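If you're wondering where the values come from, they're calculated on a predicted model, not measured in any experiment. Both counts, for ligands and for their atoms, begin at 1 and track the order of listing.
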Amino acid sequence: MPVRLGILGCGNVGASLVKIILEGQSLIESQTGEVLEIAAIAVRDLSADRPVWVPRDLLTDDPFAVVTDPTVDIIVEVMGGYDPAKPLIEEALRSKKSVVTANKSLLSDYGEEISQLARSQGRDVFFEAAVAGGIPLIRSLKVSLAAERVRRVTGIVNGTTNYILTRMSEDGVSYSDALSSAQELGYAEADPVADVEGFDASAKAAILASIAFGRNVMLQDVSREGITGITLDDFAFAKRHGYTLKLLAICEWIESEGDSEGKISVRVHPAMVSLTHPLASVRDAFNAVFVEGDAVGELMFYGRGAGGLPTASAVLGDVIDAAHNLRFGSTERHMARP
Ligand SMILES: NC(=O)c1ccc[n+]([C@@H]2O[C@H](COP(=O)([O-])OP(=O)(O)OC[C@H]3O[C@@H](n4cnc5c(N)ncnc54)[C@H](OP(=O)(O)O)[C@@H]3O)[C@@H](O)[C@H]2O)c1
């Protein structure tokens, strides 16, 4: 029996997902044993051009009909934002569908609430693509490092700001010229505030800390400073002392005597990174996350943190996991690790 997908959104990520499912059906089946069938794709504008070929008869502008369709098994939410994404995900879970989402903003505010609903319905919510796009990070933290005492997670999780800082550092261009270049290349939005003021990285830091430490960390818990105040003088000073500047998301578990639970600190700010540290060599729009654990030691995950295809690849991995779980009547771990 094919697993039927309802896809909410057909923009950068949704269209790439449709493309890799339609073009890769036989590979997906031979490698995973799952046959995926796209049941419907919800969009806002039915007449808009799509970046890839999409079967027109699958398009609908009624996302609520998709999430309540009894023939749909898994909902993929790649529309973004809070409303209607949140009520749609909730309705999907109440309709006993598993959910895959790439929506970092929603998860950083409501991740635990949505996970609890999923648990109560015996369904999955997977969100590998919400942090660091195509890098398989969330599953590594949740599954491979499930029993690890993670001490610190340090990430370059926003490609736009890393691109801007790379141009400033390597080409000696000012912040505003580097930002313009990022906008010309499509790395930065016309309104770049979410990236350059660190909001996007903070949402990802909240999700990462929740997973790494098994706590419910929300966006409002993250202390935040962006890169708008960084100058070429700062880079010159850093370089003289053997450092460069990166916007880091830092999630730390802090042990204190008599407090076995420990405390956690989650923050996003520009930081001096030693030129000998692996994170210093992460250039342009790439992302990397450095994990330190008691037994495993140091790990680094590196790759493309955004872009339609890398992000869709992470979404597809989640879809396959959710499909396996539906087939075997099981569910996976949700937002926090316990
Ligand atoms: N782009 C990336 O590289 C990336 C990386 C990691 C995570 N993400 C996350 O992935 C999600 C999608 O990002 P994206 O870049 O693909 O966004 P996008 O290009 O703006 O696409 C959004 C899609 O959702 C549809 N949509 C929006 N509101 C809708 C509504 N009320 N009803 C029905 N359809 C609606 C839009 O329809 P129309 O096309 O008809 O307007 C569009 O197809 C976001 O949560 C984002 O944070 C993106």
Worksheet item: Any protein heavy atom under 4.0 Å from atom 43 (O) of ligand 1?
Response: yes
Discussion item. As a test of the contact definition, would atom 21 (O) of ligand 1 count as having a protein heavy-atom neighbour under 4.0 Å?
Written reply: yes
Practice prompt. Check whether any side-chain heavy atom of Asp124 lies under 4.5 Å from a side-chain heavy atom of Asp321, and answer yes or no.
Written response: no
Worksheet entry | Distance-only donor-acceptor check, side chains Asp234 and Thr231, under 3.5 Å | yes
Worksheet item: Centre of Tyr163's six-membered ring, under 6.0 Å away, within 45 degrees of the axis: is that where NZ or CZ of Arg167 sits?
Response: yes
Worksheet item: Of all the non-hydrogen atoms in the protein, which one sits nearest to atom 13 (O) of ligand 1, and at what distance?
Response: Val13 CG2, 4.0 Å
Practice prompt. Number the atoms of ligand 1 from 1 as they appear, then name those within less than 4.0 Å of a heavy atom of Arg50, with their elements.
Written response: 38 (P), 39 (O), 40 (O), 43 (O)
Worksheet, complete the sentence: Tightest non-hydrogen contact, residues Lys97 and Val66, listed as CE-O, 4.4 Å
Worksheet, complete the sentence: side chain to side chain contact (heavy atoms under 4.5 Å, CB included) test vs Asp284 passes for just one of Thr166, Leu165, Asn162, namely Thr166
Response to the item:
Taking only non-hydrogen atoms of Ala306 and a 4.0 Å limit, the atoms of ligand 1 in range are 3 (O)
Worksheet item: What atoms of ligand 1 come within less than 4.0 Å of a heavy atom belonging to Ala129?
Response: 6 (C), 7 (C)
Discussion item. Any donor-acceptor pair under 3.5 Å linking the side-chain atoms of Arg152 with those of Thr154?
Written reply: no
Worksheet entry | Nearest protein heavy atom with distance in Å, relative to atom 45 (O) of ligand 1 | Gly80 CA, 3.2 Å
Discussion item. Test of understanding: with side chain to side chain donor-acceptor pair (under 3.5 Å), list the residues that count as partners of Asn103, not counting sequence neighbours.
Written reply: Glu77
Practice prompt. Take every heavy atom of Glu77, measure it against each atom of ligand 1, and state whether any distance is under 4.0 Å.
Written response: no
Item to complete: Nearest heavy atom to atom 9 (C) of ligand 1 wins, so pick from Gly9, Pro51, Gly14, Ala102.
Response: Ala102
Worksheet entry | Flag if over 12 foreign heavy atoms under 6.0 Å of NZ, Lys263 | no
Practice prompt. Give a yes/no on ligand 1: does Pro84 have at least one heavy atom closer than 4.0 angstrom to it?
Written response: yes
Worksheet item: Is there a nitrogen or oxygen of Gly307 sitting under 3.5 Å from a nitrogen or oxygen of ligand 1?
Response: yes
Worksheet item: Does at least one non-hydrogen atom of Gly133 fall below 4.0 angstrom from an atom of ligand 1?
Response: no
Worksheet item: For atom 36 (C) of ligand 1, what's the nearest protein heavy atom and its distance?
Response: Arg44 NH2, 3.9 Å
Discussion item. For atom 12 (C) of ligand 1, what's the nearest protein heavy-atom neighbour? Residue, atom name and distance, please.
Written reply: Val78 O, 3.3 Å
Worksheet item: With no hydrogens and no angle check, do the side chains of Thr331 and Asn325 hold a donor and an acceptor under 3.5 Å apart?
Response: no
Discussion item. If you take the nearest heavy atom of each of Leu59, Asn12, Thr311, which one is closest to atom 6 (C) of ligand 1?
Written reply: Thr311
Worksheet item: In ligand 1, which numbered atoms sit nearer than 4.0 Å to a non-hydrogen atom of Met79?
Response: 22 (C), 24 (O), 26 (N), 27 (C), 29 (C), 30 (C), 32 (N), 33 (C), 34 (N), 35 (C)
Practice prompt. Describe, in one word, how the ring planes of Tyr82 and Tyr110 are oriented to each other, choosing from parallel (under 30°), tilted (30 to 60°) and perpendicular (over 60°).
Written response: perpendicular
Discussion item. Hydrogens and angles aside, do Thr71 and Arg4 bring a side-chain donor and acceptor to less than 3.5 Å of each other?
Written reply: yes
Item to complete: Classify the contact between Ala48 and ligand 1 as side chain, backbone, both or neither, using a heavy-atom distance cut-off of under 4.0 Å.
Response: neither
Fill in: Nearest-neighbour protein heavy atom for atom 40 (O) of ligand 1, which is reported as residue plus atom name and distance
Asp45 N, 2.7 Å
Worksheet item: Does the Lys204 side chain pair with the main chain of Val157, one donor and one acceptor, at a distance under 3.5 Å?
Response: yes
Item to complete: Check each atom of ligand 1 against the heavy atoms of Lys104 and keep those under 4.0 Å away; list them by number with element.
Response: 7 (C), 47 (O)
Fill in: Subset of ligand 1 atoms that lie under 4.0 Å from at least one heavy atom of Cys10
23 (C), 42 (C), 43 (O)
